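Read through the structure below, which is laid out as structure tokens, and then see the notes.
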Amino acid sequence: MKFVDEFRDPAAARALVSSIRDLAKDDEFKFMEVCGGHTHTIYRHGIEHLLPANVELVHGPGCPVCVIPMGRVDDAMWLAEKPDVIFTSFGDMMRVPGSRGSLLEAKARGADVRFVYSPLDSLRIATENPDKHVVFFAVGFETTAPSTAVTLVRAKELGVTNFSVFCNHVTIVPPLKAILDSPDLRLDGFLGPGHVSTVVGNRPYRFVTEVYGKPIVVAGFEPLDILAAVHMLLAQIREGRREVENQYSRVVPEEGNPQALALLGEVFELRPHFEWRGLGFISQSALKLNDAYAEFDAEMRFDMPGIRVADPKACQCGEVLKGVIKPWECKVFGTACTPETPIGTCMVSPEGACAAYYNFGRLHRETAVLIGMPSAPSVGAAASAR
């Protein structure tokens, strides 16, 4: 297949749904989609209505913005409000709330906060403003970390001294282990993250099958990708297999991207521990700049507060990130917490589960059952043919 409409073909969807129903029979299955991009595809295209009721998809901690704890946002605000700093960030972090508001609110108060499309944009701003210190708010899994690494290598080559990175890059394997070790969540398998896997490949997920005995299928982001991955998971279980399979082979190479991995090894090292929203501190789950690039580490250049801040009591973002509750089960979802007035990160990010549920009409359990297909006519046609 070459074109996007081929990945939304009603006839192919009907065939997959029929086969999924046959494989599932009357048994109950719960699969976790690790990536927030999968969650948005599922709820944008109504895939939860296509699947039989005994096959449930729950969201995991794969939204890079959502997992950043409030204390790190407060540290970013502290940096942004320093008079000699230009603070730069991707747009999806601009509205994430800390205990004293968001970066957008800091900008409104007079801080020089700018959103960028690439960390290289931040480096350019640094070269254009030699009298200011430019800080880039680096956030994301292994997907975005290589672009930060490229920028740091370039900064070192150019001898730029007024540029640094506030590094919040996280890694995908440790939170998966934390989820699998969680006593309050029973899972039968995983839809593996497509974007991260383009960099790390499929090898890192073998512990899921070898240690925990759960199947995992790396999946793409179109409706038929999701349905095909669910079918592959069920087929593994019925055949008594527990393997790492790659549904997204058109994009994800088995060994990942060796050049990107080598670059990450050149610039970063693992932190001893890092705090995750909803999951607490997880050892060796995030990246920091290594000694060779320590001169560009904002946490070493500035005497940052580094205070741990508890989430608002009303917000249940942590439980949502772990798949323990659905967004509509949070007591502030859709009332006090909306995309316009977010309390937690899950309502802000384009990959956040709460934003997906809110934007695509899943405001409570009854709506989730009764709503039609809002934005994917081809997949909706498949649903109506059930």
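These figures come from a predicted structure and were not determined experimentally.
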Flag, side chain of [X] to backbone of [Y], donor-acceptor distance under 3.5 Å:
X: Asn290; Y: Glu269; value: no
X: Arg271; Y: Leu287; value: yes
X: Glu105; Y: Ser102; value: yes
X: Asp225; Y: Ala219; value: no
X: Asn246; Y: Asn202; value: no
X: His45; Y: His40; value: no
X: Asn129; Y: Lys132; value: no

Listed by chain and number, what are the side-chain hydrogen bond (donor to acceptor under 3.5 Å, both in side chains) partners of [X], not counting sequence neighbours?
X: Ser19; answer: His231
X: Thr39; answer: Glu33
X: Thr171; answer: none

Could you work out the complete set of other residues in the hydrophobic cluster of [X], with links drawn between I, L, V, M, F, W and Y side chains under 4.5 Å apart?
X: Leu79; answer: Val65, Ile68, Val73, Met77, Trp78, Val85, Phe87, Met93, Met94, Val96, Leu103, Leu104, Val113, Phe115, Tyr117, Val135, Phe137, Val139, Phe166, Phe302, Met304, Val348
X: Ile307; answer: none
X: Phe281; answer: none
X: Val320; answer: Val324, Ile325

Query - With sequence neighbours excluded, residues passing side chain to side chain contact (heavy atoms under 4.5 Å, CB included) with Ala15 - result: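 Ala15: no side chain to side chain contact (heavy atoms under 4.5 Å, CB included) contacts found.
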**Report entry** Short side-chain donor-acceptor distance under 3.5 Å, Thr148 and Thr151
**Finding:**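 There is no such pair (donor and acceptor under 3.5 Å, judged by atom type) between the side chains of Thr151 and Thr148.
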Query raised in the report: Judged by modelled atom types alone, do Glu28 and Asn54 share a side-chain donor-acceptor pair under 3.5 Å?
Result: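 Result is no, nothing qualifies.
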Going from [atom1] on [X] to [atom2] on [Y], what distance comes out if it is rounded to the nearest 0.5 angstrom?
X: Leu187; Y: Phe31; atom1: CG; atom2: CZ; result: 9.5 Å
X: Ile216; Y: Glu245; atom1: CD1; atom2: CD; result: 11.0 Å
X: Arg21; Y: Leu50; atom1: CZ; atom2: CG; result: 9.5 Å

Whether over 12 other heavy atoms sit under 6.0 Å from [X] [atom1]:
X: Asp131; atom1: CG; answer: yes
X: Lys214; atom1: NZ; answer: yes
X: Asp303; atom1: CG; answer: no

State, with a plain yes or no, whether a side-chain heavy atom of [X] is found less than 4.5 Å away from one of [Y].
X: Arg109; Y: Glu81; answer: yes
X: Phe163; Y: Leu152; answer: yes
X: Asp297; Y: Cys167; answer: no
X: Val230; Y: Ile47; answer: no
X: Asp121; Y: Ser118; answer: yes
X: Val208; Y: Val244; answer: no
X: Gln247; Y: Arg250; answer: yes
X: Tyr293; Y: Val165; answer: no

Same cluster for [X] and [Y] if Ile/Leu/Val/Met/Phe/Trp/Tyr side chains link at under 4.5 Å?
X: Ile282; Y: Met70; answer: no
X: Met232; Y: Val17; answer: yes
X: Met347; Y: Val332; answer: no
X: Phe141; Y: Phe207; answer: yes
X: Tyr358; Y: Ile343; answer: no

Nearest non-hydrogen partners of [X] and [Y], listed with the distance:
X: Glu222; Y: Thr41; value: C-CG2, 3.9 Å
X: Ala149; Y: Leu264; value: CB-CD2, 4.5 Å
X: Pro97; Y: Arg277; value: O-NH2, 4.5 Å
X: Pro253; Y: Val251; value: CD-O, 3.2 Å
X: Leu263; Y: Pro146; value: CD2-O, 3.8 Å
X: Pro193; Y: Tyr205; value: CG-OH, 3.4 Å

Report task. Taking the six-membered ring of Phe296 (Phe, Tyr or Trp), confirm whether the NZ or CZ of Lys156 is under 6.0 Å from its centre and within 45° of its axis. Result ->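 Judged by the rule (NZ or CZ under 6.0 Å from the ring centre, within 45° of its axis), Lys156 is not positioned above Phe296.
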Report task. May I ask you to check whether Phe221 and His195 place their ring centres under 6.0 Å from each other? Result ->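 Yes; Phe221 has its ring centre under 6.0 Å from that of His195.
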Report task. Considering only NZ, NE, NH1 and NH2 on the basic side and carboxylate oxygens on the acidic side, decide whether Glu56 and Lys326 come within less than 4.0 Å. Result ->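 Salt bridge between Glu56 and Lys326, a charged N being under 4.0 Å from a carboxylate O: yes.
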Query raised in the report: Is the shortest side-chain N to carboxylate O distance from Asp27 to Arg238 below 4.0 Å?
Result: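 The answer is yes: the pair qualifies as a salt bridge.
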Report task. Kindly indicate, with the supporting measurements, whether the criterion side-chain contact (heavy atoms from CB on, under 4.5 Å) is fulfilled by Leu51 and Leu227. Result -> CA-CA 8 Å; Leu51 295 174; Leu227 292 173; 3.8 Å; yes
Give the table of side-chain donor-acceptor pairs shorter than 3.5 Å for residues 173-181, with sequence neighbours excluded, one pair per line with atom names and distance.
from, atom 1, to, atom 2, distance (Å)
Asp181, OD1, Tyr212, OH, 2.9
Asp181, OD2, Tyr212, OH, 3.3

Report task. Mind jotting down which residue pairs meet the side chain to side chain donor-acceptor pair (under 3.5 Å) criterion with at least one end in residues 60-74? Sequence neighbours excluded, please. Result ->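 Listed once each, the pairs are Arg72-Asn168, Arg72-Glu299, Asp74-Ser99.
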**Report entry** Aromatic plane relationship, His59 with Tyr357 - under 30° parallel, 30 to 60° tilted, over 60° perpendicular
**Finding:**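 Perpendicular: the ring planes of Tyr357 and His59 meet at over 60°.
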Report task. Determine, step by step, whether Glu319 and Glu329 satisfy the side-chain contact (heavy atoms from CB on, under 4.5 Å) criterion, reporting the C-alpha distance in whole Å, the side-chain angles of both residues, the deciding distance to 0.1 Å, and the verdict. Result -> CA-CA 10 Å; Glu319 288 85 349; Glu329 296 176 277; over 6 Å; no
Query raised in the report: Taking only residues at least two apart or on different chains, which pairs with a member in residues 31-130 satisfy disulfide bond (SG atoms under 2.5 Å apart)?
Result: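 Listed by first then second residue: Cys63-Cys66.
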Requested in this report: Please list all pairs passing the disulfide bond (SG atoms under 2.5 Å apart) test where one or both residues lie in residues 260-337, with sequence neighbours left out.
Outcome: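 Disulfide bond (SG atoms under 2.5 Å apart) check on residues 260-337 returns no pairs.
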Requested in this report: Would you check, one step at a time, whether the test side-chain contact (heavy atoms from CB on, under 4.5 Å) holds for Ser197 with Tyr248?
Outcome: CA-CA 9 Å; Ser197 302; Tyr248 204 27; over 6 Å; no
**Report entry** From CA spacing to verdict: side-chain contact (heavy atoms from CB on, under 4.5 Å), Met32, Leu57
**Finding:** CA-CA 6 Å; Met32 174 175 279; Leu57 297 178; over 6 Å; no
